[in-house]
Amino acid sequence: LRTALRKTKVVWYPIPVGLGIGFLGFAQLYRVRQREKARQEEQEEDDRAVSAGANGDGGEGGRPKRRKRIRPTGPWQVQVMSTLPLKAVSRIWGRFNELEIPYYLRVPGFKLYSWIFGVNLSEVAENDLHVYPNLASFFYRTLKPGVRPLASNPNALLSPADGRILQYGTIERGEVEQVKGMTYSLDALLGTAPPTSSANGVPPPKMVPVDGESSGRAQTPSEAADPKSAEDSEFANVNGISYTLPNLFSGPESQHGAPAASSMDASTTPKSASEAEVRADLALGDGSRPWYAPAKEKSQTALFYVVVYLAPGDYHRFHSPTSWVVEKRRHFAGELYSVSPYLQRTLPGLFTLNERVVLLGRWRWGFFSFTPVGATNVGSIKINFDSELRTNSLTTDTAADRAAEQAAERGEPYSGYAEATYQQASRILGGHALRRGEEMGGFQLG
Amino acid sequence: SSIVLVFEAPKGRRKSFDERWEDGGVQGGWRWGVEKGQRIKYGEAIGWV
């Protein structure tokens with residue numbers, strides 16, 4: 001080998017580097033073009049599916065195609081998550097946490113959980129941890145009275161829960177900055193506000209209060225064309241479907257004779273003290289106009305937002321940040337991605353993808369909304385004054401799919417949410433009154 | 001889980017030049033009382049008007 005190496009003549013000549021670079025550029029160009037073409041084909045196929053659904057002859061069997069699954073862009077972790085059946089995982093996780101823990105394992109188990117997630121056991125209402133039969137009830141624990149004094153400044157907006165301030169700011173041009181400059185639109189988060197004035201000559205959709213008699217129903221074209229009815233009724237939905245609460249998730253066709261008033265009154269009548277206090281507070285400011293009406297002096301007010309992230313070890317009940325009136329609720333049966341700060345940084349529009357309950361109303365300065373957003377481990381959102389609400393359940397998903405199909409059959413865009421109003425809770429205030437610091441509900445496991 | 005609050009509140013009024021230049025030169029209106037990433041407990045003030 002040494003002889004061969006020594007005797008072999010070394011000849012140096014230039015490698016056509018330019019040819020190599022040219023080849024690499026061409027290969028990259030070809031790959032990008034292929035990918036673009038595949039994406040366009042997929043898009044065309046989806047559009048064909050949706051338009052076929054709109055004509056009601058959606059391909060095989062005459063049934064319009066199901067709603068397109070949410071396929072978010074983002075890094076590989078997000079792609080992997082978007083292929084998982086997150087809601088099924090969440091429900092199984094919930095079932096698992098409802099299994100009873102053996103009596104003697106409870107204290108060491110909850111102490112281990114508290115050590116891992118930083119729970120302050122001295123604040124937990126029950127001194128004896130044996131009273132919590134499983135992790136789900138420990139997770140939904142209450143706190144000792146007095147461990148969370150309310151801020152003394154009556155003009156202060158309170159933090160609704162224990163957690164961390166992830167993001168806050170002013171909303172410009174209807175866009176909320178998520179984290180690191182990623183933004184999503186307010187309409188996507190809260191659902192589109194119904195047009196208060198008919199922009200294109202079509203009057204705002206007829207709104208039906210949630211009560212026994214006028215059970216909600218799909219709006220007929222003649223009603224839609226009847227602008228006067230829009231003034232004297234409350235909000236129910238944007239694309240014309242109105243819901244009464246008990247049938248909120250069974251779709252508009254089976255809403256007649258819904259016992260809405262009784263179950264609604266039972267679950268939504270606020271304490272008279274709340275009502276009196278909230279009325280006094282609203283009277284101080286501009287909270288007398290309904291949430292959708294623009295402020296008199298637009299220049300005087302602005303829209304602000306704040307995002308509070310609750311970690312697994314935090315106290316997971318939430319409270320009213322101020323005295324306000326909840327006029328309506330919109331339930332988006334979305335996905336259940338984790339809402340960890342990491343994912344909030346990497347998944348654009350995460351909050352517009354996840355299951356959430358949007359509470360819309362008003363406080364003394366005008367519009368006010370409170371949106372608990374679910375996550376994989378806490379898929380269930382509970383609202384104390386709304387016993388009909390079901391989140392993270394098969395019923396809601398089925399109803400949402402059916403509502404989407406109905407909207408597709410009518411060739412209308414599906415708003416993405418099911419809606420209900422609390423007009424019955426208080427005729428004077430036109431919604432459910434919440435006092436500052438009053439418990440509103442919470443997040444439950446699974 | 002997360003909670004998103006979206007609310008309407010009075011904007012501050014720009015202070016005239018000869019007024020004392022503090023609070024970012026804004027008079028009245030909504031004022032934040034928190035920082036990004038700050039831990040907060042239920043009942044503490046997020047901000048005030």
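Naming convention: chains lettered A, B, ... in sequence-line order (proteins, then strands); numbering from 1 in each chain.
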Practice item. Heavy atoms only, distances under 4.5 angstrom: which of B/G43, B/A9, B/S1 has the most pairs with chain A? Name it, please. Key: B/S1

Exercise for review: Name the member of A/V373, A/L157, A/N155, A/L150 that forms the most heavy-atom pairs with chain B at distances under 4.5 Å.
Suggested key: A/L157

Point to revise | Atom of A/L310, atom of B/S2 and distance for their closest heavy-atom approach | key: CD1-CA, 4.2 Å

Exercise for review: Calculate, to the nearest 0.5 Å, the distance between atoms CZ and CD1 belonging to A/R356 and B/I3 respectively.
Suggested key: 15.0 Å

Review point. Are the charged groups of B/R39 and A/D314 less than 4.0 angstrom apart, N to O?
Key: yes

Check your understanding: Contact part of A/P160 toward chain B, heavy-atom cut-off under 4.5 Å: side chain, backbone, both or neither?
Key -> both

Point to revise | A/L158 to B/I46 - nearest heavy-atom pair and separation | key: O-CD1, 3.6 Å

Review point. Considering only heavy atoms, which portion of A/P321 lies under 4.5 Å from any heavy atom of chain B: side chain, backbone, both, or neither?
Key: side chain

Review point. Any idea which of A/G163, A/P372, A/A375 has the most non-hydrogen atom pairs under 4.5 angstrom with chain B?
Key: A/G163

Check your understanding: Under 3.5 Å, is there a donor-acceptor pair between the B/E44 and A/S159 side chains?
Key -> no

Point to revise | Polar side-chain atom of B/E8 near backbone of A/G366 as donor-acceptor pair, under 3.5 Å | key: no

Just distance, no hydrogens or angles: give the donor-acceptor pairs under 3.5 Å from side chains in residues 138-145 of chain A, sequence neighbours left out.
from	atom 1	to	atom 2	distance (Å)
A/Y140	OH	A/G442	N	3.4
A/R141	NH1	A/F138	O	3.1
A/R141	NH2	A/G313	O	2.9
A/K144	NZ	A/S122	O	2.7
A/K144	NZ	A/V124	O	3.3
A/K144	NZ	A/N127	OD1	3.1

**Study point:** side chain to side chain contact (heavy atoms under 4.5 Å, CB included), paired with A/V307, selected from B/V6, B/L5, B/V4
**Key:** B/V4

**Study point:** Separation between CG of A/N153 and CH2 of B/W48, rounded to the nearest 0.5 Å
**Key:** 7.5 Å

Check your understanding: Are side-chain heavy atoms of A/F318 and B/Y42 found at a separation under 4.5 Å?
Key -> no

Point to revise | Intermediate values then yes/no, side chain to side chain contact (heavy atoms under 4.5 Å, CB included), A/T301 and B/W30 | key: CA-CA 9 Å; A/T301 62; B/W30 175 257; over 6 Å; no

Practice item. Decide yes or no for A/Q167 and B/K36: does some side-chain heavy atom of the first lie under 4.5 Å from some side-chain heavy atom of the second? Key: yes

Practice item. Run through A/F370, A/W363, A/Y168 and flag the one making a ring pair (Phe, Tyr, Trp, His ring centres under 6.0 Å) with B/F7. Key: A/W363

Exercise for review: Heavy atoms only, distances under 4.5 angstrom: which of A/L359, A/T371, A/I381 has the most pairs with chain B? Name it, please.
Suggested key: A/T371

Review point. Do the ring planes of A/F304 and B/W32 sit parallel (below 30°), tilted (30 to 60°) or perpendicular (above 60°)?
Key: perpendicular

Review point. What closest approach, in Å, do B/E35 and A/I165 show between heavy atoms, and which atom pair accounts for it?
Key: O-CB, 3.6 Å

Point to revise | Pairs involving residues 149-166 of chain A, ordered by first then second residue, that meet salt bridge (Lys or Arg N to Asp or Glu O under 4.0 Å) (sequence neighbours left out) | key: A/R148-A/D162

